[in-house]
Amino acid sequence: MDNTSQILQRSAELFAGQRLLLVNPPADELARELPADWHVWSWDYAAYLGLRNRLDEQRLDFSHLCPTLDGLDGAVLVMPKAIERAEYALAQIAPLLKTGCPLYLVGEKKGGITRAEKLLAPYGGTPEKLDSARHCQLWRTVVHGQAAPFRLADWQQGITLEFPDQQVELVSLPGVFSHGRLDEGSQLLLEELAPLPTGKVLDFGCGAGVLATVLARRNPTSRFELVDVDALALHCAAETLGRNQVQAEVYPSDGLSDVHGRYAAVVSNPPFHTGIRHDTSVAEQFFNEVTRNLLPRGELRIVANGFLKYPPLIEAHIGQCQVLRENSRFKVYSAVVPG
Ligand SMILES: C[S@@+](CC[C@H](N)C(=O)[O-])C[C@H]1O[C@@H](n2cnc3c(N)ncnc32)[C@H](O)[C@@H]1O
């Protein structure tokens, strides 16, 4: 079991017999083993898929929004990797809790749980640290008064991006990659104007949807699909497409788990760190698996930090890897499946 789940398990008596909301848990046995009436909210599709095998689906929500539940006795938030995502979640959880209900925050020290006091303070009395073990801490505040209702619009950030050929309205939410700005790597990929092969195009790890939006306008006869593991990213991507009058399909996938078609092109600024540790495993698995989703002569076009040793991996799985563009930090790679 994950360290955060273990520390919650040590405090099992706090939760016994209660109707509780559990937010952002890892995909482990916690909710099954602790004897409470749990309802789980996750924005992480990988965790959602793992929990779906362990929990009744009616007790599980995958969404950018917290389910509206009545009669809760308390709530537990597992600290997300981005602090602003914790603020976003707490602003939705707190209005569901009546005065006197406990609101818990649990997480790893290196994952920002040391900010718990500050994060919980707006919602109740002085937060208290209940336990500390396995590099994790468990904090609690007791809710005072009714928290202000949550309004998504207050958290959604809209920015206008200028490209030489178009203007894009980008919608973003806390913790979505490159929140409120354009990533330098994504910008470099979009500076490449070589047309993509025509047909279906997949934007893998779409974030707020900037790549697909710009490229769909440049390749108007192609049909775009966007996938991401993060429910907030998927919501933002759908909003971004809508505001820019681009039609495309947006759906969740953990890696290529839910991608079944074959594509003329796959574009991506692939994720290279998951959680707190730097990790290229998602990208490596992606290169390995994406071959089955590319048509003959299909193109994989990605941008990555120059220090990541992707070309040998791309060549091992797809085909000859060409550098289309580079600057001091990023490289845009293209590989075409032999026809
Ligand atoms: C580097 S960001 C790129 C975002 C966007 N394409 C852009 O250019 O701004 C990588 C994206 O991959 C997503 N991601 C991380 N792990 C994933 C996984 N296992 N499956 C699908 N998407 C994932 C992240 O949520 C993030 O939005």
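Atoms within each ligand, like the ligands themselves, are counted from 1 in listed order.
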query = Mind checking whether F287 and Y310 have ring centres under 6.0 Å apart?
reply = yes
query = Heavy atom of D183 under 4.0 Å from ligand 1?
reply = no
ask   = Does some non-hydrogen atom of S178 fall short of 4.0 Å from ligand 1?
value = no
query = With no hydrogens and no angle check, is any side-chain donor or acceptor of R262 less than 3.5 Å from a backbone partner on L294?
reply = yes
ask   = Any heavy atom of V227 sitting closer than 4.0 Å to ligand 1?
value = no
task = Could you pull out, from S186, G207, S172, G205, the option with a heavy atom nearest to atom 6 (N) of ligand 1?
result = G205
message = I'd like to know if R59 and D37 make a salt bridge, using a cut-off of under 4.0 Å between side-chain N and carboxylate O.
response = yes
ask   = Against heavy atoms of D254, which atoms of ligand 1 measure under 4.0 Å?
value = 18 (C), 19 (N), 20 (N)
ask   = Does any donor atom in the side chain of Q157 or S172 lie under 3.5 Å from an acceptor atom in the other side chain?
value = no
ask   = Among side-chain atoms of D183 and N269, is any donor-acceptor pair under 3.5 angstrom?
value = yes
ask   = What atoms of ligand 1 come closer than 4.0 angstrom to any heavy atom of S253?
value = 20 (N), 21 (C)
task = Below 4.0 angstrom from a heavy atom of L211, which ligand 1 atoms are there? Numbered from 1 as shown, please.
result = 6 (N), 8 (O)
request  = Answer yes or no on whether R85 is positioned over the face of W43, meaning its NZ or CZ is under 6.0 Å from the six-membered ring centre and within 45° of the axis.
outcome  = yes
ask   = Among side-chain atoms of D61 and S63, is any donor-acceptor pair under 3.5 angstrom?
value = no
query = Should the pair E29-R54 be classified as a salt bridge under the 4.0 Å nitrogen-to-oxygen rule?
reply = yes
inquiry  = Tell me the nearest of G255, A304, P271, A231 to atom 20 (N) of ligand 1, using heavy-atom distances.
reply    = G255
query = Quick one: does ligand 1 sit under 4.0 Å from the side chain of Y45, the backbone, both or neither, non-hydrogen atoms only?
reply = neither
inquiry  = Please work out, at 4.0 Å between heavy atoms, whether the side chain, the backbone, both, or neither of C206 comes within that distance of ligand 1.
reply    = backbone
inquiry  = Tell me whether F286 reaches ligand 1 (any heavy atom closer than 4.0 angstrom to a ligand atom).
reply    = no
